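Report on the structure given below.
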Amino acid sequence: MDYPLGTQCQRVQNQVMKVNSEKERASLLCMKALASRGRLDAVSQQMAWHPQYLESFLRSQHYILHMDGPLPLQYRHYIAIMAAARHHCGYLVSLHAAQFLRVGGDPLWLQGLEAAPPRLRHLDHINKVLAHRPWLTSRSHIQALLKTGEQCWSLAELVQAVVLLAHCHALCSFVFGSGSDVDPPQTPRVPLGTPPGYCYCDAANGNAAVPPPLANPSDRTPRRRSLDSSCEVACLRERIQKAQEEKERRGERLLYTDVEEEEEIACVADPSRFDSDPEFGYQEFARREEDFQVFRVQDYSWEDHGFSLVNRLYSDIGHLLDERFRRVAALPSSRGPDLKRAIWNYIHCMFGIRYDDYDYGEVNQLLERGLKLYIKSVTCFPDTTKGPLCPLPWAPLKPAEKVHVNLLIMEARLQAELLYALRAITQYMIA
């Protein structure tokens, strides 16, 4: 005998358990970020609306920047600076400049691109091409970097560099689209094991309770705050900024209990120092004067070609990137899977990538003009120094939905750049 009410109650209970599980997952991820850096960066705050994606993002980014690979750590952070500078993303440039110094990088390199070693300067051309017109990437670019000589790159080094460039270019779009660039990357550190007076998991919870700010560092209590309490991201930013301004006004120095790690280096680098050709930017692929053929996915796809190549030349990164693509595609959306596919294919279309099995009439049907302008702005022109970004037209729009759109933009752009770069590497290898 069926009991409809009991079945309905069970479904509700399962949904509640799922929500609580997602909150706990987001909390754990935020705790890891807080423990490793002493603070929760603005990007993680935004992505914590989708903890199932955040986990894969943090794993891949940590692997690229810190784990085994042919490039030394200084090179990795400097390449990240070069990539972020293409979009004048001061947030990422300053963040990686600080990390560059922390891993022993030469401070003189931060004077500008001309102060870097020749091997790094040789990446400048492929950096700007991938960032703005990836369809220009060709076998000749790969050949020029791999040619014999003292300053040449190995194939393994170049693959890691290309992955890092594409990752940072795409992340710039997310930073500007989500407004993370307005948050300074160097926020006050906090004692390990003692969360501050605000909840660092606010992006995953809905409680807007905001505790009063502490008068001075000696007023910190050893009591742990509950992971269930939180505040909105905007409140968090406001509290951090006010607290920092108050400390500076009173001339007090923040005290930290983490004595094993040096104080975070405050480093603000000018992105223009690392941009050798500021006039080079995105151009309409459909209106190009040059004779470039459309990139057809049935001829070279991530699943059939790019994944296996990058995984062979840069061990395990293919699995980590593929997980990100799958996770963002699997994120639940109240607007349906057709809209997500339309956004993804529209972004690829702007970079000259076409799917023969897709009806592009759906793009115009599903994406209103305002949404298309926003997507194009964040994807192709994220540099807010050259003009304000078009606002996302959906209203009222939940924060999780806006973050979802920006994640789709980031991952679609990342895959587009990788497809062009990996195809060029394939052409070099078989020539």
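Bear in mind the structure is a predicted one, so any value in this text is a computation, not a measurement.
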**Prompt:** Are E157 and Y75 linked by a side-chain donor-acceptor pair shorter than 3.5 Å?
**Reply:** no
**Polar contact flag, side-chain donor to acceptor under 3.5 angstrom, S276-D124** = yes
**Request:** Report yes or no: is the cationic atom of R327 (NZ for Lys, CZ for Arg) closer than 6.0 Å to the six-membered ring centre of F57, at no more than 45° off its axis?
**Result:** no
**Prompt:** Quick one: do the H169 and N127 side chains pair a donor with an acceptor below 3.5 Å?
**Reply:** yes
**Message:** Between H305 (side chain only) and S301 (backbone N and O only), is there a donor and an acceptor less than 3.5 Å apart?
**Reply:** yes
**Prompt:** Counting N and O atoms only, with roles assigned by atom type, does the side chain of S94 sit under 3.5 Å from a partner on the main chain of Y91, one being a donor and the other an acceptor?
**Reply:** no
**Asked** What residue among H132, R86, K128 forms side chain to side chain donor-acceptor pair (under 3.5 Å) with D277?
**Response** K128
**Request:** Mind checking ring-ring contact (aromatic ring centres under 6.0 Å, His included) for H141 and listing every partner two or more places apart, or none if nothing turns up?
**Result:** H125
**Asked** Would you call E362 and R341 a salt bridge, using N to O less than 4.0 angstrom?
**Response** no
**Request:** Determine the interplanar angle of the W135 and F351 rings, folded into 0 to 90°, and report it as parallel if under 30°, tilted if 30 to 60°, perpendicular if over 60°.
**Result:** tilted
**Asked** Distance only, no hydrogens: is a donor on one side chain within 3.5 Å (strictly under) of an acceptor on the other, for R335 and H404?
**Response** no
**Request:** Verify whether one side chain among E323 and S60 offers a donor that lies under 3.5 Å from an acceptor in the other.
**Result:** no
**Prompt:** Do side-chain atoms of S173 reach the backbone of V378 as a donor and acceptor pair under 3.5 angstrom?
**Reply:** yes
**Prompt:** Y358 vs Y360 aromatic rings, parallel, tilted or perpendicular, using cut-offs 30° and 60°?
**Reply:** perpendicular
**Request:** Establish, yes or no, whether the cationic atom of R413 lies under 6.0 Å from the six-membered ring centre of F174 and within 45° of the ring axis.
**Result:** no
**Asked** Angle class for the F295/Y300 ring planes (parallel below 30°, perpendicular above 60°, tilted otherwise)?
**Response** perpendicular
**Asked** For D68, does the CG atom sit with more than 12 other heavy atoms under 6.0 Å from it, leaving out its own atoms?
**Response** no
